[in-house]
Number of protein chains: 2
Amino acid sequence: MGERNRKITIKDIAAEAGVSIALVSFVMNGKSEGKNAYRVNKETAERIRSVAERLNYQPNEAARVLRSGKTNAVGVIVSDISNKFFADIARCIEDRAYKHKYTVLFGSTDENPQKLENLIDVFRNKGVDGLIVVPCEGAEQTLRKLANENFPLVLLDREVPGAELSSVVLNNRRAGYQVAEVLVRQGFRRIEMVSYSMNLSNIREREEGYRSCMTENGLGEYVRIHHLRHERLDRIVEVLRDARSRQVEAFVFATNTLAMQGVTAMFRMGWQVPRDCSMVCFDTNEAFDLYHTAAACVSQPIERFGAEALDLLLKSIEHRDQPMACTRVVLTPEIVEYAGAESLPEVVSAEV
Amino acid sequence: MGERNRKITIKDIAAEAGVSIALVSFVMNGKSEGKNAYRVNKETAERIRSVAERLNYQPNEAARVLRSGKTNAVGVIVSDISNKFFADIARCIEDRAYKHKYTVLFGSTDENPQKLENLIDVFRNKGVDGLIVVPCEGAEQTLRKLANENFPLVLLDREVPGAELSSVVLNNRRAGYQVAEVLVRQGFRRIEMVSYSMNLSNIREREEGYRSCMTENGLGEYVRIHHLRHERLDRIVEVLRDARSRQVEAFVFATNTLAMQGVTAMFRMGWQVPRDCSMVCFDTNEAFDLYHTAAACVSQPIERFGAEALDLLLKSIEHRDQPMACTRVVLTPEIVEYAGAESLPEVVSAEV
DNA sequence: TTTGTTTGTTAAAACGTTTTAATTACCTTT
DNA sequence: AAAGGTAATTAAAACGTTTTAACAAACAAA
């Protein structure tokens, strides 16, 4: 009572148990058991443990980090943590990290390479043991440098071409192909794609997928990809208007944001989807799902994104000394196909 | 080159600049200027600064924390970080914290008080300077204890009744009243509410709002609140069926999750919203917005939630010594009213 | 000259761990 | 009884800061 409620340290425990602080440390870290152990008397160990328990000892992280150089924290840097796709992944990473006694720091770049660099600096100062990063355009240099320093790093969602970096990505080519194929199978021919002008690996591959689906189905002449700058999404209205003037029948949207913007624009202009114009998109979405707005969408295996990325990172942290192996994990997309809006299930409630 | 790329410390700078480490510390912390300064020679200070710059000195956080006891990190614990409402708030907090040179740790409780307690322990061990918490049912004890220790704490979204804790919440009563009022004004009479059985302040107040709106409009006889357990949301189907059998015309959903589940269920049963049944809900939502599913919704001032909570917390951290003032910030909801679905703007694209 | 004041600088302690190397105590062997 | 081995324990250094108290030098006032 008199002492103010000062934090309990290893020293207090040592005093209370009548041993040295070294012994306490050994016991608390389980160094008293196992292969290359420190030989601590069974009873002493038990005594120490019980004192620690009784005083509710909580080791001081800062001291531990200072001494050992390990923080048991990792950083996760995405484009925008409030974007559902990334928020979901973040949640998975958080849960999984927690099980491994790791904590996670989150940051958003807004696709700005300068912000990315800042965040990396801040996180490294905080001493994170490793980073999971969604690279943005213009960040290649920064990331390569990081990897050269042998700093544990895993890329997520997108890759950096020409760099030997570990990554977890979707098979975007295949996803693009298959989702476009749904439209083709439904008989559409004039199918165009709405995409970003940013040079990101995932986007580019989605475009490739669409393109090869079209050519392989003899629709090469209709291939057309519209590139929007992400800070000028309002331009989408012009793109759509122009497309309609060319009797375009369906669109492939390269991301969920683009799809939502696109459909919103169409509604504003009075088009109904899919009545007037069909579409497919990447990522699922309550709105499109509920109202069968999309003919199909690419469902990404969120949990696996998180799990694989974290596992890869932890492995990479564990082997920091080794010359850094580079692993690529490519996940398989699932295509969710919706029945047309006209065939919405009309299951009227049975009884009453 | 020979030295391996060891991290630059304050010692290296001192050596390089030919001064003591104390002086370097003074300069790096700006203690050389201002009111109660440490009087460092202008030129010396400049020299130190330039050396630090040249060697790209990055202070070691762990050491700083160990010595000063301040981490410049705060924890944010919500129900589910992948929920759009919380993800948006998290993003605001993150941005704002960053400007104040703070980093943020996130955690999700899944409405489980045990998880909350664990997270609090973990975050405190990590040494966070303070916490922003969305309290869940059953966490009252834990939170009160925390506050008793004079630990900086701000509640978000919900309050803990009977405890003197700082908080940032919506005027949920008013929101409930006003959003229900929209339905009343549209001529509906049999209006029921779908809510959670959890005992949370925000939920209870929303119910109060609905209730008083109804009674004040002479509809007291129709008041009916359905309480669902959040792990048994599938029960919503029965609730809706039952309601339909009583000719209920419209629903007030207490949260976005409930609304989404509810509408999905209605669609499954073949009802169209709002053709067969009208509804209002809390929080905006792309789906309901796009298709005018909701007659109205409560729009919460996300950015203010984040900003007020963080500001309050930082203030509380700054004055840790004082006996802890308790501030309540009550934010005003905005009601967004949609025109009926039948009057969707049919502005066909002008030219072409 | 002495005394006091201001300015600039530094030595050293402290924060709470982890880990190495040394030490003690107690058995076995000879 | 001496030597060697093993089991258990500990003293002390190190990690990189911040901050206090002391010190030296220069100058001003007596």
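Just so we're on the same page: letters track the sequence lines, and every chain starts at 1.
At dT18(C), one or more side-chain N or O atoms of Asn29(A) fall inside 4.0 Å of OP1 or OP2 (strictly under the cut-off). Remark: Ser20(A) is not in phosphate contact with dA11(D), judged by side-chain N or O atoms under 4.0 Å from OP1 or OP2. For the pair Thr44(A) and dT9(D), the criterion of a side-chain N or O lying under 4.0 Å from OP1 or OP2 is met. Contact annotation: Tyr57(B) does not reach the phosphate of dG16(D) (side-chain N/O to OP1 or OP2, under 4.0 Å). Listed pair Arg64(A) / dT18(C) meets the phosphate criterion, a side-chain N or O lying under 4.0 Å from OP1 or OP2.
Rounded to an integer number of Å, the gap from Gln58(A) CD to dC15(C) P is 20 Å. For the pair Asn125(B) CG and dT17(C) P, the interatomic distance rounds to 10 Å; values are reported in whole Å. Look at CD1 on Ile13(A): it is 12 Å from C1' on dG16(C), rounded to the nearest Å. Going from atom CZ of Arg39(B) over to atom C1' of dC23(D) covers 12 Å, rounded to whole Å. In this entry the distance linking CZ of Phe26(B) with P of dA21(D) reads 12 Å, nearest Å. When rounded to the nearest whole Å, the span between CD1 of Ile21(B) and C1' of dA11(C) equals 9 Å. Distance Ile10(B) CD1 to dA11(C) C1': 14 Å, rounded to the nearest Å. Computed from coordinates, the Asn41(A) CG to dC26(C) C1' distance equals 13 Å when rounded to whole Å.
Contact annotation for Val19(A): backbone-only contact, meaning every heavy-atom pair under 4.0 Å involves sugar-phosphate atoms and none involves a base. Residue Thr9(A) is classed as a sugar-phosphate contact, given heavy-atom separations below 4.0 Å to backbone atoms only.
No hydrogens or angles were tested; on distance alone, nothing pairs the side chain of Arg67(B) with the base of dT17(D) as donor and acceptor under 3.5 Å.
Side chain of Asn60(B), nearest nucleotide from dT9(D), dG16(D), dT10(C): dG16(D). Distance from the side chain of Leu66(B) is smallest for dG16(D) among the nucleotides dA12(C), dG16(D), dT9(C).
Salt-bridge formation is not detected for the pair Asp95(A)/Lys99(A): no Lys NZ or Arg NE/NH1/NH2 atom is positioned less than 4.0 Å from an Asp or Glu carboxylate oxygen. Between Lys7(B) and Glu149(A) no salt bridge is recorded (no basic side-chain N to carboxylate O distance below 4.0 Å).
The residue among Ala22(B) and Ser68(A) whose nearest nucleotide of DNA chain C lies closer to the 5′ end is Ala22(B).
Side chain of Thr103(A) to main chain of Ala73(A): no donor-acceptor pair is present (N/O by atom type, distance under 3.5 Å, no hydrogens or angles).
Contact check for Thr71(B) versus Glu61(A): no side-chain heavy atoms found under the 4.5 Å cut-off.
No more than 12 heavy atoms of other residues, nucleotides or ligands lie within 6.0 Å of CZ in Arg328(B), so this atom counts as exposed by the packing criterion.
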